[in-house]
There are 2 protein chains.
Amino acid sequence: MYERKIPELLDCGLAVSVKVIGGKWKAWIIDCIRRGVRRPSAIHKEMHEVAPRIINMHLKELEEYGLIYKKIYAEIPARVEYCFTEVGISILPVVDILEKWGNENKEYIYRNKENYQADTCPFHRKTA
Amino acid sequence: MYERKIPELLDCGLAVSVKVIGGKWKAWIIDCIRRGVRRPSAIHKEMHEVAPRIINMHLKELEEYGLIYKKIYAEIPARVEYCFTEVGISILPVVDILEKWGNENKEYIYRNKENYQADTCPFHRKTA
DNA sequence: AACCATAGGGAAAATTTTTTCCCTGTTGGT
DNA sequence: ACCAACAGGGAAAAAATTTTCCCTATGGTT
């Protein structure tokens, strides 16, 4: 297990939320589960860009936080499903809002990033 | 300048939002500016846990995205203020919602994380 | 026997992000 | 002359995260 060397500042709500959703793929995983893609193997298939190992790690993290829990069916071959806890469900509207804002503004952001030249372009710089 | 080796997947809105707010300190910086702490030195003072260099880098990133812009006053000593663009303003309610969710659920998350023991604690594990 | 699928993790490498250290300037105060 | 505050960045180290590789097991299929 990896041990942090610098303690985290998780006193404020913003930091907690960012911690929970902010990983590289966690929001996507949450979205999978919401849409009913609950089994690890199914999530792996949908997120084929991402190594299974990582998805497992994120799932575990979300389980640690208590956003999802694991249903282990006594079947052969092993069958596992991840489902939302109540708190997990409560974050879904937040995810929706992030998704919405991102979709509404991504073109603007791309455009700005491409055109951006530090301190030279008067479009970005406003001198008073 | 650092160059990415793995291209980012920024097609979906969720990824874009997480990219924009998801840095270690960006949400805090946004919150500073919103509360009127607009000058770099003032932000540095408030966020004394964080190296000025990083704050500058995040400010630049937010400027690149077009969430904030730089007002440079023709004064001596140099005076700079960062202000929100329209799109910057539009993200504030999103930040609020993240802040709110985090505050409402942080104790729950702390508790779960502390009590969590993978696959041994029946509180977390539900076998069907 | 060799392979598939299921679920999962340890170790180490690679990548990305954050941090520290030290530098560029300007102007004003002591 | 020296130190303060202002705004800012290059280089490299450190830390954190992500990725790859390879392993554990079970049981079914070819």
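Chain A is the first sequence line, chain B the second, and so forth, proteins listed ahead of strands; every chain is numbered from 1.
- Considering only side-chain atoms of A:S41, the nucleotide from C:dT18, C:dT6, D:dG8 that sits closest is C:dT6.
- Contact annotation for B:A51: base contact, defined as any heavy-atom pair under 4.0 Å involving a base atom.
- Phosphate proximity of D:dA16 to A:R4: present, with a side-chain N or O under 4.0 Å from OP1 or OP2.
- Note on B:R39: a side-chain N or O is less than 4.0 Å away from OP1 or OP2 of D:dA7.
- Considering only the side chain of B:W25, C:dT18 comes nearest among C:dT18, D:dA16, D:dG8.
- Here C:dG9 presents its C1' atom at 15 Å from CD1 of A:I55, a figure rounded to the nearest Å.
- Figure legend: cation-pi geometry between A:R79 and A:Y73, with NZ or CZ positioned under 6.0 Å from the six-membered ring centre and within 45° of its axis.
- A 4.5 Å side-chain heavy-atom check between A:R34 and A:D96 finds at least one atom pair inside the cut-off.
- Counting non-hydrogen atoms under 4.0 angstrom, A:K45 reaches the backbone sugars and phosphates but no base.
- Taking atom CD of A:E81 as the reference point, atom P of C:dT6 lies 13 Å away to the nearest angstrom.
- As rounded to whole Å, 15 Å separates atom P of D:dA15 from atom CD of A:E8.
- One can place CD1 of A:I68 at 13 Å from P of C:dA7, the figure rounded to the nearest angstrom.
- Summarising the geometry, the separation between CD1 on B:I6 and P on C:dT17 is reported as 10 Å, rounded to the nearest angstrom.
- Closest contact between the side chain of A:R53 and the listed nucleotides D:dT20, D:dG8, D:dA15 involves D:dT20.
- Rounded to an integer number of Å, the gap from CD of B:E61 to C1' of C:dT16 is 12 Å.
- Taking 4.0 angstrom as the limit, B:Y2 places none of its side-chain polar atoms (N or O) nearer than this to OP1 or OP2 of C:dT17.
- A 6.0 Å sphere centred on CD of B:E8 holds more than 12 heavy atoms belonging to other residues, nucleotides or ligands.
- Map A:E3 and A:P52 each onto its nearest nucleotide of DNA chain D; the residue landing nearer the 5' end is A:E3.
- As judged by a 4.0 angstrom heavy-atom cut-off over every strand, A:H58 is placed among residues touching the sugar-phosphate backbone only.
- For the pair A:E64 CD and C:dG8 C1', the computed distance is 15 Å after rounding to whole Å.
- Across D:dG9, C:dA7, D:dG8, the shortest atom-to-atom separation from the side chain of A:A78 is found for C:dA7.
- The neighbour count for B:E49 CD, taken as heavy atoms of other residues, nucleotides or ligands under 6.0 Å away, is above 12.
- For A:P40 and B:G23, each mapped to the nucleotide of DNA chain C holding its nearest heavy atom, the one lying further toward the 5' end belongs to A:P40.
- Residue A:Y82 has a polar side-chain atom (N or O) positioned under 4.0 Å from OP1 or OP2 of C:dG8.
- B:R79 comes within 4.0 angstrom of no nucleic acid atom, judged by non-hydrogen atoms across all strands.
- Between B:K24 and D:dA16 there is no side-chain N or O to OP1 or OP2 distance below 4.0 Å.
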Report the C-alpha separation of A:Y65 and A:E61 in whole Å, then their side-chain angles, then the decisive distance to 0.1 Å, and conclude whether the side chain to side chain donor-acceptor pair (under 3.5 Å) test is met. CA-CA 6 Å; A:Y65 295 150; A:E61 196 182 334; 2.6 Å; yes
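- Here the closest non-hydrogen pair linking B:E99 and A:C12 is OE1-SG, 4.4 Å.
- The side chain of B:K5 has C:dT16 as its nearest neighbour among D:dG8, C:dT16, D:dT17.
- Within 4.0 Å (heavy atoms only), B:I54 reaches at least one base atom of the nucleic acid.
- A:M57 places its CE atom 18 Å from the P atom of C:dA7, with the value rounded to the nearest Å.
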